[in-house]
Amino acid sequence: QVQLVESGGGLVQAGGSLRLSCAASGRTFSIYHIGWFRQAPGKEREFVAAISWSGSSTYYADSVKGRFTVSRDKSKNTVYLQMNNLEPEDTAVYYCAVPRPGGRYSHSDEYDYWGQGTQVTVSS
């Protein structure tokens, strides 16, 4: 089992920044990457970014490329999502998740463990 706890969400004006954190515990040795997803009201959950557990590889959705940065603090078993130049369209609940072995990083249905989510609201 892997436990994930997100934090750092909040209300920010358009153009502002937020940093989300995802703290992992439990069987962290089984993790090979962590993904970030978001879900806005009435919309499907969508891939945002992912990082390999080694930190050597990162992946981004086109909609956030150049604005969001995913990183990892190995000593704290924590992954971060730095979000800059936020737009109202970024408003959603953000989740971090761990996939099953061999799961594709952008496919939410191939993830086994999910955090509780953190709300991000961007006002115009």
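No hydrogens, no waters, no symmetry mates; every other heavy atom, side chains included, goes into these values.
Side chains of Thr78 and Asp73: a donor-acceptor N/O pair is absent below 3.5 angstrom, by distance only. Donor-acceptor pairing under 3.5 Å is lacking for the side chains of Arg19 and Tyr80. Side-chain atoms of Gln82 and Asn84 form a donor-acceptor pair, as typed in the model, at a separation below 3.5 Å.
Here Tyr105 and Phe47 bring their ring centres to under 6.0 angstrom of each other. Under the 6.0 Å cut-off for aromatic ring centres, Trp36 and Phe68 do not qualify, their centroids lying 6.0 Å or more apart.
No side-chain donor-acceptor contact under 3.5 Å links Gln1 to the backbone of Arg27. Remark: the backbone N or O of Pro88 is paired with a side-chain donor or acceptor of Thr91 at under 3.5 angstrom. In this structure, Gln39 contributes its side chain and Val93 its backbone to no donor-acceptor pair below 3.5 Å. Judged purely by atom type and a 3.5 angstrom limit, Glu6 has no side-chain atom pairing as donor or acceptor with the backbone of Ser21.
Shown are Leu18, Val64, Thr121; of these, the side chain to side chain contact (heavy atoms under 4.5 Å, CB included) with Leu86 is made only by Leu18.
Nearest heavy atoms, Leu20 versus Tyr94: CD1-CB, 3.5 Å. Shortest non-hydrogen contact noted between Thr118 and Ser7 is OG1-C, 4.3 Å. Closest non-hydrogen pair, Ala97 versus Leu4, comes out as CA-CD1, 3.6 Å. Here the closest heavy-atom approach between residue Tyr111 and residue Pro99 is recorded as CD2-N, 3.4 Å. The two atoms that bring Ala49 and Leu81 nearest to each other are CB-CD1, 4.1 Å, heavy atoms only. Minimum heavy-atom separation, Tyr32 to Gly103: OH-N, 2.6 Å.
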Trace of the side-chain contact (heavy atoms from CB on, under 4.5 Å) decision for Tyr59 with Val70: CA-CA 8 Å; Tyr59 313 91; Val70 61; over 6 Å; no
side-chain contact (heavy atoms from CB on, under 4.5 Å) evaluation trace for Cys96 with Phe37: CA-CA 6 Å; Cys96 62; Phe37 291 80; over 6 Å; no
In sequence, state the C-alpha distance, the side-chain angles, and the governing distance for Glu87 and Val122, and then conclude on side-chain contact (heavy atoms from CB on, under 4.5 Å). CA-CA 6 Å; Glu87 303 168 352; Val122 184; 5.5 Å; no
Worked verdict on Met83 versus Asp90 for side-chain contact (heavy atoms from CB on, under 4.5 Å): CA-CA 9 Å; Met83 307 186 295; Asp90 296 317; over 6 Å; no
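Judged by a 6.0 Å distance limit and a 45° cone about the ring axis, Arg45 is positioned over the six-membered ring of Tyr95.
Residue-environment remark: CZ (Arg100) exceeds the threshold of 12 foreign heavy atoms within 6.0 Å.
A salt bridge links Arg38 with Glu46: the distance from a Lys NZ or Arg NE/NH1/NH2 to an Asp or Glu carboxylate oxygen falls below 4.0 Å.
Ser124 meets the side-chain hydrogen bond (donor to acceptor under 3.5 Å, both in side chains) test with no other residue; sequence neighbours excluded.
Ile31 and Tyr113 fall within a single hydrophobic cluster, where Ile, Leu, Val, Met, Phe, Trp and Tyr are joined by side-chain heavy atoms under 4.5 Å apart, directly or via other members.
If you take CD1 on Ile51 and OG on Ser71, they are separated by 6.0 Å, rounding to the nearest 0.5 Å.
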